[in-house]
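Owing to the predicted nature of the structure, the values given are computational and were not obtained by experimental measurement. In what follows, every chain begins at residue 1, and chains take the letters A, B, ... in the order their sequences are listed.
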There are 2 protein chains.
Amino acid sequence: MELPTELIHATRFGKTRSAQSTALLEDYVELIADLLANEGEARPTDIARRLGVAHATAIKTVSRLKRAGLATARPYRGVFLTEKGEALAQRVRIRHRLVVDVLRAIGVPVEAAEADAEGIEHYVSEATLQAFARFLRGRS
Amino acid sequence: MELPTELIHATRFGKTRSAQSTALLEDYVELIADLLANEGEARPTDIARRLGVAHATAIKTVSRLKRAGLATARPYRGVFLTEKGEALAQRVRIRHRLVVDVLRAIGVPVEAAEADAEGIEHYVSEATLQAFARFLRGRS
DNA sequence: GTCAAAATAGAGCCTTGGCTACATTTCTAA
DNA sequence: TTAGAAATGTAGCCAAGGCTCTATTTTGAC
Ligand SMILES: [Mn+2]
Ligand SMILES: [Mn+2]
Ligand SMILES: [Mn+2]
Ligand SMILES: [Mn+2]
């Protein structure tokens, strides 16, 4: 122990920064999984509309997903998730629900809970997730 | 009511995106206030060390703070907060503590609570903050 | 007081994630 | 079957926020 304060803080900020850089990919993967499940296909236009960005932005980010090994897509065909992408989507979905449920349990109004969870979900560690699950179990 | 689902989602993602763009400024302002209070001065080198970034990065971001009307700084002199910057720092500090306290109350280990709060704090709305405060009051 | 070390500043590069404008491909309705 | 609409893709722009490398200023030890 006895790490200097600056290093402790720097480490925390570093974690936050790296979480930030994956937050967008997580949202895309979660959304694509949702579209595939509910609509049967995930087209760039639908992704863009749901995220509120221009279609060109969505297409560009999808190619980043491909580079990251999370998605596949052939020109003019729609987007699919790799095994890795599916697995991430699964984890993200669980996290999302857990965060919303905890916020609701604490007394946050449903719309605020859903909106805030969209940001919060990307910054919740394993340890915190487990505490969330325990907390919900303990009061059900 | 009866907004289309896509618009609801798009709005949430938009809020998250704009929160993300102010997250960094909030951390800087919070840190500068802390350094000013505890060390009497906030020098770019110290800011950089605490954030875990290169000093050039810190200097560049400080100039963004200046542009945003949150800080002042004269060459080779150290950084200060404007009224607006002080006010923001105040709000951020309160939010930070509230998030940590709620996480702790739910059973999150202290180190995880501190680390996760560093990210979560930027995505907590007014409504959620109020619910947090009520929750803590109700169980003290 | 001098001068070397430390701090500060600036230039220039990269990636991300927005955007608009334009080009191409696919789909669909007549 | 084919033209127009819709979807998709590409190019090029911008700002933010990282970085390294270099220059300048300030500070502190002697
Ligand atoms: Mn999200
Ligand atoms: Mn989500
Ligand atoms: Mn923070
Ligand atoms: Mn904080």
Side-chain angles (χ1 to χ4, degrees), chain A residues 6 10-32 35 39-80 118-119 122, chain B residues 6 10-32 35 39-80 118-119 122:
Chain A
E6 302 99 30
T11 305
R12 284 180 195 154
F13 284 116
K15 277 181 192 162
T16 303
R17 269 199 308 278
S18 79
Q20 197 157 279
S21 83
T22 55
L24 190 79
L25 297 187
E26 291 183 349
D27 280 336
Y28 267 77
V29 160
E30 188 184 5
L31 171 56
I32 290 167
L35 287 172
E39 317 288 334
E41 56 177 0
R43 290 142 75 243
T45 306
D46 297 329
I47 296 171
R49 186 170 45 236
R50 282 274 286 269
L51 291 175
V53 296
H55 80 275
T57 301
I59 288 173
K60 205 191 272 190
T61 305
V62 165
S63 70
R64 205 183 136 212
L65 290 180
K66 288 195 270 184
R67 250 185 297 148
L70 295 167
T72 60
R74 290 191 325 290
Y76 296 97
R77 288 309 155 200
V79 184
F80 298 90
E118 209 51 73
H122 308 287
Chain B
E6 301 99 31
T11 305
R12 285 181 195 154
F13 283 116
K15 276 181 193 162
T16 304
R17 269 199 307 277
S18 81
Q20 197 157 277
S21 84
T22 55
L24 190 79
L25 297 187
E26 291 183 350
D27 280 336
Y28 268 78
V29 160
E30 188 184 6
L31 171 55
I32 290 167
L35 287 170
E39 318 287 334
E41 55 176 1
R43 290 143 73 243
T45 306
D46 298 329
I47 296 172
R49 188 170 42 237
R50 283 273 286 268
L51 292 175
V53 298
H55 79 276
T57 301
I59 287 173
K60 203 191 274 188
T61 305
V62 165
S63 71
R64 204 182 138 211
L65 290 179
K66 286 195 272 184
R67 250 184 298 147
L70 295 167
T72 59
R74 289 191 327 290
Y76 297 96
R77 289 304 150 198
V79 184
F80 299 91
E118 210 50 72
H122 308 287

Protein-nucleotide distance ([X], atom [atom1]; [N], atom [atom2]), rounded to Å:
X       : N      : atom1 : atom2 : result
A/Lys66 : D/dT8  : NZ    : P     : 13 Å
A/Ile59 : C/dC22 : CD1   : C1'   : 13 Å
B/Tyr76 : C/dA9  : OH    : P     : 6 Å
A/Glu41 : C/dC27 : CD    : P     : 10 Å
A/His55 : C/dG18 : NE2   : P     : 15 Å
B/Ile47 : C/dA7  : CD1   : P     : 13 Å
B/Phe13 : C/dG18 : CZ    : P     : 11 Å
A/Leu24 : C/dT15 : CG    : P     : 17 Å

Subject >> Side-chain N or O of A/Thr45 closer than 4.0 Å to phosphate OP1/OP2 of D/dT8 >> reply: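 Checking D/dT8 against A/Thr45, a side-chain N or O does come within under 4.0 Å of OP1 or OP2.
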Select one nucleotide: of [options], the one nearest the side-chain heavy atoms of [X].
X       : options                : value
B/Lys60 : C/dT8, C/dA11, C/dC13  : C/dC13
B/Arg67 : D/dA16, D/dG18, D/dC19 : D/dA16
B/Ala56 : C/dC19, D/dC21, C/dT8  : D/dC21
B/Arg77 : D/dT26, C/dT20, C/dA7  : D/dT26
B/Pro44 : D/dA7, D/dG9, C/dA9    : C/dA9

**OP:** Assign each of B/Ala73 and A/Pro75 to its nearest nucleotide of DNA chain C by heavy atoms, then name whichever residue's nucleotide is nearer the 5' end.
**Re:**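 On the 5' side of the pair lies B/Ala73.
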Original post:
Atom CZ of A/Arg17 and atom CG of B/Leu24: how far apart are they, to the nearest 0.5 Å?
Top reply: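 Here the rounded value is 8.0 Å.
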**OP:** Could you walk me through whether B/Lys60 and B/Thr57 pass side chain to side chain contact (heavy atoms under 4.5 Å, CB included), step by step?
**Re:** CA-CA 5 Å; B/Lys60 203 191 274 188; B/Thr57 301; 5.8 Å; no
Subject >> Residue closer to the 5' end of DNA chain D, A/Arg43 versus A/Arg17 (nearest nucleotide) >> reply: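 First, find each residue's nearest nucleotide; the 5'-ward one identifies A/Arg43.
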**OP:** Determine the minimum heavy-atom distance between B/His122 and B/Ala23, stating which atoms define it.
**Re:**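 Nearest pair, atom of B/His122 first, then B/Ala23: CE1-O, 3.3 Å.
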Subject >> Over 12 foreign heavy atoms within 6.0 Å of NZ, A/Lys15 >> reply: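 Open.
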Subject >> Test item: A/Phe13 and B/Val53 side chains (from C-beta on) under 4.5 Å apart, heavy atoms >> reply: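 They are not in side-chain contact.
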**OP:** Select base, sugar-phosphate, or nothing to describe what A/Thr57 touches, counting heavy atoms under 4.0 Å on all strands.
**Re:**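 Base, at least one base heavy atom under 4.0 Å.
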